[in-house]
Amino acid sequence: MKKVPPAFYEQEDVVQIARDLLGNVLVTAWDGVRTSGRIVETEAYAGLHDKASHAYRGRTPRTAVLFDTTGAAYVYLCYGLHQMFNIATNKTGVPHAVLIRAVEPLEGIGVMLQRTGKKKLDASLTRGPGNVGKAFGVHRSQSGLSLQSSELFIADDGYHLDAAAIGTSVRIGVDYAGADALLPYRFYIKGNPYVSGKQKT
DNA sequence: GAGTAGATCCTCT
DNA sequence: GAGGATCTACTCA
């Protein structure tokens, strides 16, 4: 399994990156405890042009990671309890991001169960961004960490995803963004039980 | 099964 | 001081 190279995150089209991330594997290895899962749902946030993006209002201490780094994690706390895991993309000065909304667990399922306080594996373990953050043990203190790090990275294990298996929809939970809430920036693998929300077939 | 309220704390105004 | 890129549980049917 090889890490996705920095050049991948430097592409200009954040929507393309979000789509291409489907099928790749998210890996965390905090203190040698490895957990991984296949990415089955993502959302693109197009920085300054996108009202739904945190970066829309400009640079703040929290969003500095989006402006200053590429191919790094952007983690923040939502509603006081959910750690949301994002990937900062494009180049320095362009605060694009891809939110990882759902993954399918591969390795370290026992650890994930422990972290989330669940007894057995079911589709809710890593469905929804808040659960992904919890299951993978990400924390906002890890915001800004490079995805070339040995503790946190995206890997390509050769899994082939057919274009016809990719579904598209509007993003979730961004109704406040007006017209931008209608942009088709959410991508998911059709029929995968770990995809959150309702899916069209 | 569907709809709604509550949790809970950091961030920006 | 207000609100948020959400999830869960509980109510009602």
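In what follows, every chain begins at residue 1, and chains take the letters A, B, ... in the order their sequences are listed. The structure displayed is predicted, hence computed values, not measured ones.
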Dot-bracket pairing map - DNA chain C, Watson-Crick plus G-U, both contacts under 3.5 Å, | cross-strand: ||||.|||||||.
Length of the CE-C1' vector between Met84(A) and dC9(B), whole Å: 15 Å
Counterpart residues, side-chain contact (heavy atoms from CB on, under 4.5 Å), relative to Val94(A) (two or more places apart): Asn90(A), Lys91(A), His96(A)
Main-chain N/O of Asn192(A) paired with Glu104(A) side-chain donor or acceptor, under 3.5 Å: no
Protein-nucleotide distance (Tyr176(A), atom OH; dC12(B), atom C1'), rounded to Å: 14 Å
Tyr79(A)-dA7(B) aromatic stacking (under 5.5 Å, under 30°): no
Phosphate OP1/OP2 of dT6(C) contacted by Arg127(A) side-chain N/O (<4.0 Å): no
Nearest-angstrom distance from the residue atom CG of Leu81(A) to C1' of dA5(B): 14 Å
Residues, nucleotides or ligands: over 12 heavy atoms within 6.0 Å of Glu107(A) CD: yes
Under-4.0 Å side-chain N/O to phosphate OP1/OP2 contact, His82(A) with dC7(C): no
Value in whole Å for how far the P atom of dT8(B) lies from OH of Tyr76(A): 18 Å
Minimum side-chain heavy-atom gap Arg38(A)-Tyr159(A) below 4.5 Å: yes
Touch class at under 4.0 angstrom, heavy-atom based, for Arg62(A) against every strand present: sugar-phosphate
Spacing between Lys134(A) atom NZ and dT8(B) atom C1', to the nearest angstrom: 13 Å
Listed partners of His82(A) passing side-chain hydrogen bond (donor to acceptor under 3.5 Å, both in side chains), at least two apart: none
OP1 or OP2 of dT11(B) under 4.0 Å from side-chain N/O of Arg140(A): yes
side-chain contact (heavy atoms from CB on, under 4.5 Å) against Gln142(A), all qualifying residues, sequence neighbours excluded: Trp30(A), Val138(A), His139(A)
Atom-to-atom span, CG of Leu77(A) to P of dA7(B) - whole angstrom: 16 Å
Close side-chain approach of Asp68(A) and Val65(A), heavy atoms under 4.5 Å: no
Residue Pro61(A), side-chain atoms from C-beta onward, closest of dA5(C), dA7(B), dC12(B): dC12(B)
Partners passing side-chain contact (heavy atoms from CB on, under 4.5 Å) against Lys3(A) (at least two apart in sequence or in another chain): Gln148(A), Phe153(A)
Residue Thr60(A), side-chain heavy atoms: nucleotide from dC12(B), dA5(C), dC10(B) that is nearest: dC12(B)
Whole-Å gap separating C1' (dG4(C)) and NZ (Lys51(A)): 18 Å
Sugar-phosphate, base or nothing in reach of Asn131(A), heavy atoms under 4.0 Å: sugar-phosphate
Interatomic distance, Tyr194(A) OH vs dC7(C) P [rounded to whole Å]: 16 Å
Strand-adjacent residues in residues 112-124 of chain A, judged by heavy atoms under 4.0 Å from DNA chain C: Lys118(A)
Enclosure of Arg57(A) CZ (heavy-atom neighbours >12, cutoff 6.0 Å): no
Ring-ring centroid check Tyr76(A) His54(A), cutoff 6.0 Å: yes
